[in-house]
Amino acid sequence: MMVGRRSDAMKAHEFHGDDPRPTGTWGFLTNHAHVLLCVARDPQSRARDIAEQVGITERATQRILADLIADGYVTRTKVGRRNDYKVNPSGRLRHPVFRDLPIGPLIEVLNRDGQPTRRQTPHPTRSP
């Protein structure tokens, strides 16, 4: 009988030291949700900036933005050479258990971390 030995999977989800956050390799939200939250926080975000925040490639970010736009979760307006995004808070969650719930309240809850929902200073414009 082996007592006191824990699997690597159990160790990966332990809490460590004074940091109450769990460690491990999985997360509760998909990359689509992370991109959506970034757009909600800063509608003038560049794909490059979103990719850096989420930890994915710029190309993956562009594909996710295209998905979100195609499914009506986000609209994109061209402003000069930049994009301005707008989240549709009445879009519905996609999982069958939650498909009757709008995404707006979820975004509000997840954006309560003290970060601004909009960039406080405008993005610099490039000269021609």
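Nothing fancy with the numbering, it's 1 onward along the sequence.
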[atom2] on [Y] to [atom1] on [X], rounded to 0.5 Å:
{"X": "Phe28", "Y": "Leu110", "atom1": "CZ", "atom2": "CG", "value": "11.5 Å"}
{"X": "Gln53", "Y": "Arg48", "atom1": "CD", "atom2": "CZ", "value": "13.5 Å"}
{"X": "Arg46", "Y": "Arg81", "atom1": "CZ", "atom2": "CZ", "value": "11.0 Å"}
{"X": "Thr61", "Y": "Ile56", "atom1": "OG1", "atom2": "CD1", "value": "3.5 Å"}
{"X": "Ile50", "Y": "Cys38", "atom1": "CD1", "atom2": "SG", "value": "6.0 Å"}
{"X": "Gln62", "Y": "Ile69", "atom1": "CD", "atom2": "CD1", "value": "10.5 Å"}

Exercise for the section: Run the salt-bridge test on Arg94 and Asp71 with the 4.0 Å N-O cut-off and return the result as yes or no. Expected result: yes

Problem - Arg82 (side chain) donor-acceptor with Gln44 (main chain) under 3.5 angstrom - result: yes

Exercise for the section: Output yes when a side-chain donor or acceptor of Asn88 lies under 3.5 Å from a complementary backbone atom of Gly72, and no otherwise. Expected result: yes

Got [X] and [Y] here, is their nearest side-chain heavy-atom distance under 4.5 Å?
{"X": "Leu37", "Y": "Val54", "value": "no"}
{"X": "Leu36", "Y": "Leu68", "value": "yes"}
{"X": "His34", "Y": "Asn31", "value": "yes"}
{"X": "Asp100", "Y": "Arg92", "value": "no"}
{"X": "Val39", "Y": "Leu65", "value": "yes"}
{"X": "Thr75", "Y": "Tyr85", "value": "no"}
{"X": "Ile64", "Y": "His32", "value": "yes"}

Practice task
Take atom CD of Glu58 as the centre, draw a 6.0 Å sphere, and report whether it contains more than 12 heavy atoms from other residues, nucleotides or ligands.
Solution key: yes

Problem - Minimal non-hydrogen separation, Pro89 against Pro102, with atom names - result: O-CB, 3.6 Å

Exercise for the section: Hey, can you tell me if His95 and Phe98 have their rings parallel, tilted or perpendicular (30° and 60° cut-offs)? Expected result: tilted

Exercise for the section: Please assess Asn83 against Lys78 for the test side chain to side chain contact (heavy atoms under 4.5 Å, CB included), listing each intermediate value before the final yes or no. Expected result: CA-CA 5 Å; Asn83 292 315; Lys78 223 35 180 160; 3.2 Å; yes

Exercise for the section: Check whether Val87 and Val79 end up in the same hydrophobic cluster, where Ile, Leu, Val, Met, Phe, Trp and Tyr are linked by side-chain heavy atoms less than 4.5 Å apart. Expected result: no

